[in-house]
Amino acid sequence: MILKVKCIQCGTEFTKEFDDAKIERLMNGELVQDVFPELTSDERELFFITHICDDCWDRLFGVEDDEDIECDYPDDYIEDLIELSAEEFADSK
């Protein structure tokens with residue numbers, strides 16, 4: 001399936017071909033990042049979420065540079081949170 005979207009900010013049109021089976025999975029409620037892991041976050045945002053291109057996104061919301069982010073958490077804090085979340089998710093099934 002060929003999808004054509006127009007950025008809702010600048011009006012630029014973008015076209016990309018997608019697998020029909022994957023589109024169906026998305027329509028059945030699967031998460032876009034699970035269905036299309038090969039797409040960049042910018043492509044997923046443009047085609048399936050907000051329909052805002054990456055240039056407009058940067059103009060609207062700024063560009064975040066990982067080097068500018070300061071974190072006071074211990075090195076393993078985030079990994080521990082992810083592990084706990086995964087365990088809770090598994091327990092909820």
Side-chain angles (χ1 to χ4, degrees):
M1 171 184 296
I2 296 175
L3 291 182
K4 181 190 269 187
V5 297
K6 186 185 286 189
C7 174
I8 63 171
Q9 290 296 311
C10 67
T12 302
E13 289 187 355
F14 298 87
T15 304
K16 189 166 182 76
E17 187 168 359
F18 295 96
D19 181 272
D20 290 348
K22 286 188 171 195
I23 296 291
E24 187 172 328
R25 288 174 51 200
L26 188 66
M27 299 301 289
N28 286 328
E30 286 190 56
L31 298 175
V32 67
Q33 64 268 27
D34 293 340
V35 176
F36 296 104
E38 70 277 8
L39 297 180
T40 66
S41 58
D42 292 337
E43 290 172 315
R44 292 190 300 259
E45 196 71 41
L46 172 65
F47 283 97
F48 300 108
I49 303 172
T50 61
H51 304 297
I52 299 174
C53 72
D54 58 334
D55 289 338
C56 288
W57 184 273
D58 292 345
R59 282 194 297 277
L60 288 167
F61 303 108
V63 177
E64 186 175 286
D65 186 354
D66 289 343
E67 293 178 12
D68 294 337
I69 299 173
E70 292 186 24
C71 181
D72 294 332
Y73 298 120
D75 290 339
D76 58 351
Y77 179 77
I78 301 298
E79 287 82 10
D80 289 345
L81 281 178
I82 292 169
E83 187 176 311
L84 285 171
S85 294
E87 289 171 5
E88 288 177 11
F89 179 75
D91 290 343
S92 71
K93 287 189 167 190

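Each residue takes its place number in the sequence, starting with 1. It should be emphasised that the depicted structure is a prediction, and the values quoted were computed from it without experimental measurement.
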message: Would you say the ring centers of Phe36 and Phe18 fall short of 6.0 Å from each other?
response: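 Judged by ring-centre distance (under 6.0 Å), Phe36 and Phe18 do meet the cut-off.
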Contact list for residues 13-28, test side-chain hydrogen bond (donor to acceptor under 3.5 Å, both in side chains), sequence neighbours left out: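 Sorted pair list: Lys22-Glu38, Arg25-Glu30.
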message: Does anything in residues 44-54 form a side-chain hydrogen bond (donor to acceptor under 3.5 Å, both in side chains)? List the pairs, not counting sequence neighbours.
response: Glu45-Thr50
Cluster question for you: counting only ILVMFWY and a side-chain heavy-atom cut-off of under 4.5 Å, with indirect links fine, are [X] and [Y] together?
X	Y	result
Ile2	Met27	no
Leu46	Ile8	no
Val5	Leu60	no
Phe47	Ile49	yes

- request: Mind checking the CZ-CG spacing from Phe48 to Leu39? Nearest 0.5 Å is all I need.
  value: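 Separation between the atoms: 6.5 Å.
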- prompt: Atom CD1 of Ile52 and atom CG of Asp42: how far apart are they, to the nearest 0.5 Å?
  reply: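 Reported value, rounded in 0.5 Å steps: 11.5 Å.
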- request: Check Cys53 against Cys10 and note the closest heavy-atom contact, atom names and distance.
  value: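 So the two residues come closest at SG-SG, 3.9 Å.
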query: Any idea which heavy atoms bring Lys6 and Gly11 closest together, and the distance?
result: CG-O, 3.1 Å
message: Show, in sequence, the C-alpha distance, side-chain angles and deciding distance for Leu3 and Ile23, and conclude whether the side chain to side chain contact (heavy atoms under 4.5 Å, CB included) test is met.
response: CA-CA 10 Å; Leu3 291 182; Ile23 296 291; 4.0 Å; yes
